[in-house]
Every structure is written in C-alpha cells, then in structure tokens.
Number of protein chains: 2
Amino acid sequence: MEAGTRQRIIEIARELFAAQGYAGTSIADITNRLGTSKAAVYYHFDNKAAILSALVEEPLAAYAHLTETQASAEDLLAAVIDTTASYLDVIEAIGNDPSARAVLSELAQKHRSDDINDAILAALAGPSPSTKRRVRAHAAYMVAKHGAIGLTTDGNLGARERTELLAAALRALDADH
Amino acid sequence: MEAGTRQRIIEIARELFAAQGYAGTSIADITNRLGTSKAAVYYHFDNKAAILSALVEEPLAAYAHLTETQASAEDLLAAVIDTTASYLDVIEAIGNDPSARAVLSELAQKHRSDDINDAILAALAGPSPSTKRRVRAHAAYMVAKHGAIGLTTDGNLGARERTELLAAALRALDADH
DNA sequence: GTCTATAAGACGATAGAC
DNA sequence: GTCTATCGTCTTATAGAC
C-alpha cells in the first residue's frame, strides 16, 4: 500500500479540484493536506499544470481506447458506462471545469477529450448520418455517460442500474429496441 | 440598445467564465474587455461573487419554475429541452464549474441547482419509484438536458433536432414509446 | 526527498479625487 | 459613474541548505 508522495499529490489534487476547481485550488491547498512544504510538490512536478496532466492521463487513454476497435453500438455504450463509472472521480474533478479544460488544451496532449467525444458520437451515428441518426447518437451517448455519472454512488454502479441504463441508451439510439 | 455598464459586465463575465472558469477569471480580465478600471466594476457589484450571482439568477428561476406546475412527462421534458437551449450560454459558463458551484453554495440563494435537479428527477420518476423507474428518469433527463446542450448551435436548437430529441427522451423514459 | 526563505507578480478590494 | 493609486494578501515558482 506504499502510495508514494507523487501518487498522494495526484489523489489530493483530484479531491480538491472536484471541490474548488483547478484554478480555485492552490499548491498551498494541496500541501496543507499533504503535510509537507510547497517545494516538495515542485520536486515531483514541474508546475501546477503537470499535476492536472498526470491526473487525466489514464482516464483519457481509456476513453480513447473505446473507439479503436469496431464494436457494436451496444458494446460501445456498455463500455462508455463502465469507463465513466470507473473514472467517475476524475470526471467529476475536471470533466467540465473550464479552467482545467483551458490548461489541457494548451498542453496539446496525446488524447483530447473533444476528439474522443466526436469519435464516440461518430461511431454511434454511423457513416453519413441523417439528422435523426445524429440526434439519436447524441441521446444514447448522454444516457450512457451522464446517466452513469448520476447513478454511480461510492464509485460503484449497481448491476440493475447498469442493465437498465444500457437498455435506456439503446432505446434512445434506436426505436426498435 | 443602451446596454448599461452593469449588463455589459454580466455579458463579459459570462464569456470569460465559460472560457477560463470563475476562479480563473480576474476582475482585471473583465475590465480589460470592458475598457474601464477595476473600481468601476466595484461600483456596480459589491464583490466578485455578486457578478456570478447576478449571472445565474434568471436561468435558475426558469428551471425552478418547471416543476411548479403538474405537467405530463412529455411537457416537462420538452420544457427542459427549451429552457436548456435558451440559457445555454450561462449553462456552459458555470454549469459544472466547481469553483462557481462552491461560491454559489455558500451564497445560499433562493434557487439551488441541486434541488432543481432533484425535483425534476422526482417528477419524472413518480412517487416511490422502483430502481427501474429511477434509472429511466435519469436517462430521460440526461437526454433532454445534455442532448440539448450538445445539439444547440449559435443559441438555436433546430425544430427537427428538438422533435427527435424529445422522442428519444420519451423512449428512454418508457419502453412503450 | 524535503526543508526554509524568498522572489516577483497577480489577486480582490478600498480610499479619495473628479 | 468612473478614475488613479494603493493596501494587504495570495499565488506560482525558485534557490540553496540539509
């Protein structure tokens, strides 16, 4: 269970970013919980943005992986639900924080969240989608993603909730379900 | 078209909060666009939080109004779509910014966004809801709200998109649709 | 790997003139 | 209603000792 200071900084940052936002959290806030000095943080990270970057690296890679294989819409939506539930803490911490988004977009990292969203929507809508299919892809994706966010408690999405949520997403995607 | 300095401050704040977050936006950022001094802003607002409070007042009241009348699920979901589309700029500016949420929760204003969300979900799920109905209410609400966010362009949600989105939300809510 | 100390500037907010 | 000037504090980040 030896966490290492670097990992502890990331975990503390995740909690504080979720509560106060990226811009609203200072290095001093982090060290107050860490119990060390500010200089200790700067030994492990070049700057404040590097903490944010390390925090989003793994979940962003997991989302990007979802569209790298051709899967059925059902498999893709199920994967969106499961990935969202498993990285919910990070998503709540920086998912829609404008100050975090602004910093990450300047970093020009490997996986960009906007590109990932577009790829998932394109996979659900299919090639040359009509307005109807484009709207339905949006609807299904929002059920899976934001439904998982709202229904996950204590990092856990119940099996019954998962089944019902996936069924609702498929109904939103296609009237035949 | 006389806007008034106070209203111009709110409009500039909305744009900057959306791009950089509440905590990531300084009074100096606002006055740089306004073309005046910082003291001019403090003539119109007591402090920085008062700008945020003025910005969310109208959209929050509009959302709170949605559950004050007993309407069918279809009418409620349609109202969610329309209200979200019409206040999209404010929602994008502060909808999920943790630094803005933290400030607003301390202000203890009349309408709290968490209460509004709970009321809408309760209205969709009905009394003593089963897990199934609870999940379906979540799914339908997420289609309406986040679907409207994703599909509104230039402040306008197309009529075909609106019709399809409402239908998808109703399918997510109830398999009979 | 962590410390103390400090630089250099940005921040929210105010005083007082006009 | 807006200005200049400023206060005190907080901020990111670094230097150098241990």
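Order of the sequence lines fixes the chain letters, A, B, ..., with proteins taken first and strands second; residue numbering starts at 1 for each chain. These values consider heavy atoms only, across backbone and side chains, with no hydrogens, waters or symmetry-generated copies.
- Contact annotation: B/Thr36 side-chain N/O to D/dG1 OP1/OP2 distance is not under 4.0 Å.
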**Complete:** In 5'-to-3' order, the base (B), backbone-only (S) or no-contact (-) status of each nucleotide in nucleotides 12-18 of chain D, using a 4.0 angstrom heavy-atom cut-off, is BBBB---

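- Residues meeting the side-chain contact (heavy atoms from CB on, under 4.5 Å) test with A/Ala169, sequence neighbours left out: A/Leu77, A/Val143.
- Among the heavy atoms of the strands lying under 4.0 Å from A/Ser37 is at least one base atom, whether or not backbone atoms are also near.
- Across the protein-nucleic acid pair, A/Ile30 atom CD1 and D/dT11 atom P stand 11 Å apart, rounded to whole Å.
- Taking only side-chain nitrogens and oxygens, B/Thr5 comes nearer than 4.0 Å to OP1 or OP2 of D/dT2.
- Within the structure, every pair that satisfies the ring pair (Phe, Tyr, Trp, His ring centres under 6.0 Å) test and touches residues 100-154 of chain A, not counting sequence neighbours, is listed here: A/His146-B/His146.
- Nearest to the side-chain atoms of A/His44 among the listed nucleotides D/dG1, D/dT4, C/dT2 stands C/dT2.
- Applying the side chain to side chain donor-acceptor pair (under 3.5 Å) test to residues at least two apart or on different chains, the pairs with a partner in residues 124-133 of chain B are A/Arg160-B/Thr131.
- Protein atom CD of B/Gln7 is 14 Å distant from nucleotide atom P of D/dG1, rounded to whole Å.
- Spacing between atom CZ of B/Phe45 and atom P of C/dG12 amounts to 15 Å, rounded to whole angstrom units.
- Atoms CZ (B/Arg6) and P (D/dT2) sit 13 Å apart, rounded to a whole Å.
- B/Glu15 pairs by the salt bridge (charged side-chain N to carboxylate O under 4.0 Å, His left out) definition with B/Arg33, not counting sequence neighbours.
- The shortest distance between side-chain heavy atoms of B/Val56 and B/Gln109 falls below 4.5 Å.
- Residue pairs that meet the ring pair (Phe, Tyr, Trp, His ring centres under 6.0 Å) test with at least one member in residues 49-86 of chain B, sequence neighbours left out, do not exist here.
- Each of D/dG1, D/dC3, C/dT2 was ranked by its minimum atom distance to the side chain of B/Tyr43; first place goes to D/dG1.
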